[in-house]
Trainee: 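Provided herewith is a single structure, encoded as structure tokens, for subsequent inquiry.
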Number of protein chains: 2
Amino acid sequence: MSVQERKERERAVRERLIVATARELAEQQGWDAVTTRRLAERIEYSQPVLYSHFRGKREIIGAVALEGAAEMAAALRAATSAVDDPRARVTALAHAYLDFAASSPAVYDALFQLDGGLAFAQEDTPELLKDAFAALLESLEEVAGGGVHPGVFTEVFWASLHGFATLTRSGRLPPEYAERRVELLVDRLAMV
Amino acid sequence: MSVQERKERERAVRERLIVATARELAEQQGWDAVTTRRLAERIEYSQPVLYSHFRGKREIIGAVALEGAAEMAAALRAATSAVDDPRARVTALAHAYLDFAASSPAVYDALFQLDGGLAFAQEDTPELLKDAFAALLESLEEVAGGGVHPGVFTEVFWASLHGFATLTRSGRLPPEYAERRVELLVDRLAMV
DNA sequence: GATTCGATGCTAGCACCGCTAGACAAGGGA
DNA sequence: TCCCTTGTCTAGCGGTGCTAGCATCGAATC
């Protein structure tokens, strides 16, 4: 029994190593550079080992996304918890979101841009993803305004931030007015 | 002279054929299916011919994007020109934008998601791209509100629509509340 | 009309991709 | 000690974007 337990433990360690290495490589050189060959070489195993942990590259992206969702939720809560004023809290939330997207672009892509095989906005959505959305909602529901569904309001705010993040990083939005865009968005969307 | 002119004409025809075929293939089966081999086979030439017109696949995507920018601008203007009320015009604009994104996903991706090697929001930005942004601005500047830079306002509105379009298509936003999201966005952002 | 010669499109091939079949070795259980 | 399961490896499949170098075709010249 103990032998099997040790093996399972070692397998789990190696699986975390794969995910961490994939993430590291993606942040360093982009997801295009995360090939199964390079990834295998970095973890010092052969390619087929990857497929004994994940069905394919997509699932590895999904694993990085889940890890990222947890970190993002934590970052959002950390940035908002110390702020008392509801409106200021929303501003802090927006900045924390955009900072996360800018400082961890590969993780952000795994979450919101690439196909990691994860279900969103459904029953079988992983709890970590639901919780990341919940982290947004917690700061947003109180400024949604009367008669507006907090979930829908959160979706609108989130989609806007997502647009900022992706269009800015791909060079389609100029960086110079980033702050004014955030101010305008919060000013107009947040009631009170 | 006439011989050379004829050749140039034929070259231009073939170049348009490449772009049209790439676009068609991308809309039918997604950009992943647009490989240089398949594209070459469809236009009934060998692969290297593609490289006598474009530096690589990226430039072909860029060509599709430019074509799409012109169509998008036309679609946006067509949808808004007949609407008199400024606020209703913005709503029509939003719907036209989202309809374009949903009905021509491959072209939309070439424009706003993939790397087509085009410059955005710079001096050397192609006129067609500037004009597509102008088409947005024309309907939005009059509802930007006082003291707000129309360009910045347009960027915010556009980024939000982009978030809706991309997150909805990748299954990250549920489609059922799409209409309510648009209403909320227009309600809050448009002044008067 | 024959001949030269440059332009043009082709075949073949590079290094790389995601993924997998099948050989092989190491280790625990009898 | 032997067997057999488990796990990992090598090698290879069909695909990718892209390119070197050859062959052919056609326009211009003699």
Side-chain angles (χ1 to χ4, degrees), chain A residues 1-19 21-23 25-26 28-65 106 109-110 114-117, chain B residues 1-19 21-23 25-26 28-65 106 109-110 113-118:
Chain A
M1 268 307 149
S2 157
V3 169
Q4 193 178 344
E5 282 175 7
R6 193 204 69 221
K7 288 195 176 181
E8 284 174 11
R9 220 161 43 228
E10 288 170 353
R11 253 190 83 81
V13 167
R14 194 173 62 182
E15 189 158 314
R16 284 195 295 273
L17 175 65
I18 293 172
V19 177
T21 306
R23 174 179 176 165
L25 192 48
Q28 284 172 356
Q29 307 177 232
W31 276 106
D32 280 351
V34 184
T35 69
T36 54
R37 279 173 180 77
R38 249 190 291 258
L39 187 49
E41 194 192 0
R42 286 227 183 175
I43 65 168
E44 295 180 316
Y45 282 94
S46 68
Q47 275 178 284
V49 165
L50 301 174
Y51 293 87
S52 75
H53 289 271
F54 302 96
R55 285 173 171 276
K57 193 181 170 179
R58 168 182 304 193
E59 273 197 5
I60 299 178
I61 293 173
V64 172
D109 282 348
L114 301 174
D115 180 10
Chain B
M1 270 307 151
S2 156
V3 170
Q4 193 178 344
E5 282 175 8
R6 194 204 68 221
K7 286 194 176 181
E8 283 175 12
R9 221 161 42 229
E10 286 170 354
R11 252 190 84 79
V13 167
R14 193 173 64 182
E15 189 159 312
R16 283 196 295 275
L17 175 65
I18 291 172
V19 177
T21 306
R23 174 180 177 164
L25 192 48
Q28 284 171 356
Q29 306 177 231
W31 275 105
D32 280 350
V34 183
T35 69
T36 54
R37 279 173 180 76
R38 247 191 292 260
L39 187 50
E41 194 192 2
R42 285 224 183 177
I43 64 168
E44 296 180 314
Y45 281 94
S46 69
Q47 274 178 284
V49 165
L50 301 174
Y51 293 87
S52 74
H53 288 271
F54 302 96
R55 284 173 172 274
K57 192 181 170 180
R58 167 182 305 192
E59 273 197 4
I60 297 178
I61 294 173
V64 172
D109 282 348
Q113 206 104 34
L114 301 175
D115 179 10
L118 302 177

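Labels below follow one simple rule: chain letters A, B, ... track the order of the sequence lines, proteins then strands, and each chain is numbered from 1. Quick caveat, the model's predicted, so the values are computed rather than measured.
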Trainee: Separation of B/E8 atom CD from D/dA27 atom C1', in whole Å?
Mentor: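 Value for this atom pair: 15 Å.
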Trainee: I need the CD-C1' distance between A/Q29 and C/dC16, as an integer number of Å.
Mentor: 15 Å
Trainee: Tell me the interatomic distance from B/Y51, atom OH, to D/dC18, atom P, rounded to whole angstroms.
Mentor: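 The distance from OH of B/Y51 to P of D/dC18 comes to 4 Å, rounded to the nearest Å.
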Trainee: I need the CG-C1' distance between B/L50 and D/dC18, as an integer number of Å.
Mentor: 11 Å
Trainee: Distance check needed: C/dC16 C1' versus A/D32 CG, whole Å only.
Mentor: 13 Å
Trainee: Report the residues that fulfil salt bridge (charged side-chain N to carboxylate O under 4.0 Å, His left out) with B/R11, sequence neighbours left out, ordered by chain and then residue number.
Mentor: none
Trainee: List the residues meeting side chain to side chain donor-acceptor pair (under 3.5 Å) with A/E59, not counting sequence neighbours, and say none if there are none.
Mentor: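 Expected list: none.
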Trainee: Within the 4.5 Å heavy-atom criterion, are B/I60 and B/L39 side-chain neighbours or not?
Mentor: yes
Trainee: What's the closest nucleotide to the A/V49 side chain, out of D/dA20, D/dG17, D/dC9?
Mentor: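 Side chain of A/V49 sits closest to D/dC9.
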Trainee: Could you tell me which residues satisfy side chain to side chain donor-acceptor pair (under 3.5 Å) with B/R37, sequence neighbours excluded, listed by chain and number?
Mentor: none
Trainee: Within less than 4.0 Å of OP1 or OP2 of C/dG18, is there a side-chain N or O belonging to A/T36?
Mentor: yes
Trainee: Near DNA chain C, counting only heavy atoms under 4.0 Å, which residues of residues 52-60 of chain A show up?
Mentor: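 The answer is A/G56, A/K57.
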Trainee: Tell me every residue that passes side chain to side chain donor-acceptor pair (under 3.5 Å) with B/R14, counting only those two or more places apart in sequence or in another chain.
Mentor: B/H53
Trainee: What residues, two or more places apart in sequence or in another chain, satisfy side-chain contact (heavy atoms from CB on, under 4.5 Å) together with A/E41?
Mentor: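 Testing A/E41 for side-chain contact (heavy atoms from CB on, under 4.5 Å), a comparison that skips the adjacent residues, returns none.
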Trainee: Starting at CH2 of B/W31 and ending at P of D/dT16, how long is that distance when rounded to a whole Å?
Mentor: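 It is 15 Å, rounded to the nearest whole Å.
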Trainee: Excluding sequence neighbours, so at least two apart, what forms salt bridge (charged side-chain N to carboxylate O under 4.0 Å, His left out) with B/R16?
Mentor: none
Trainee: Where along residues 37-47 of chain B does a heavy atom come under 4.0 Å from DNA chain D, residue by residue in number order?
Mentor: B/R37, B/R38, B/Q47
Trainee: Taking salt bridge (charged side-chain N to carboxylate O under 4.0 Å, His left out) as the definition, give me every residue that meets it alongside A/E44, ordered by chain and number, with sequence neighbours left out.
Mentor: none
Trainee: Test of understanding: with side chain to side chain donor-acceptor pair (under 3.5 Å), list the residues that count as partners of B/T21, not counting sequence neighbours.
Mentor: none
Trainee: Under a 4.0 Å heavy-atom cut-off, which of residues 9-16 of chain B touch DNA chain C?
Mentor: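 Under 4.0 Å from DNA chain C: B/R14.
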Trainee: What pairs with B/A106 under side-chain contact (heavy atoms from CB on, under 4.5 Å), at least two apart in sequence or on another chain?
Mentor: B/A26, B/E27, B/W31
Trainee: So which atom in A/A22 and which in A/V34 form the shortest heavy-atom distance, rounded to 0.1 Å?
Mentor: O-CG2, 3.8 Å
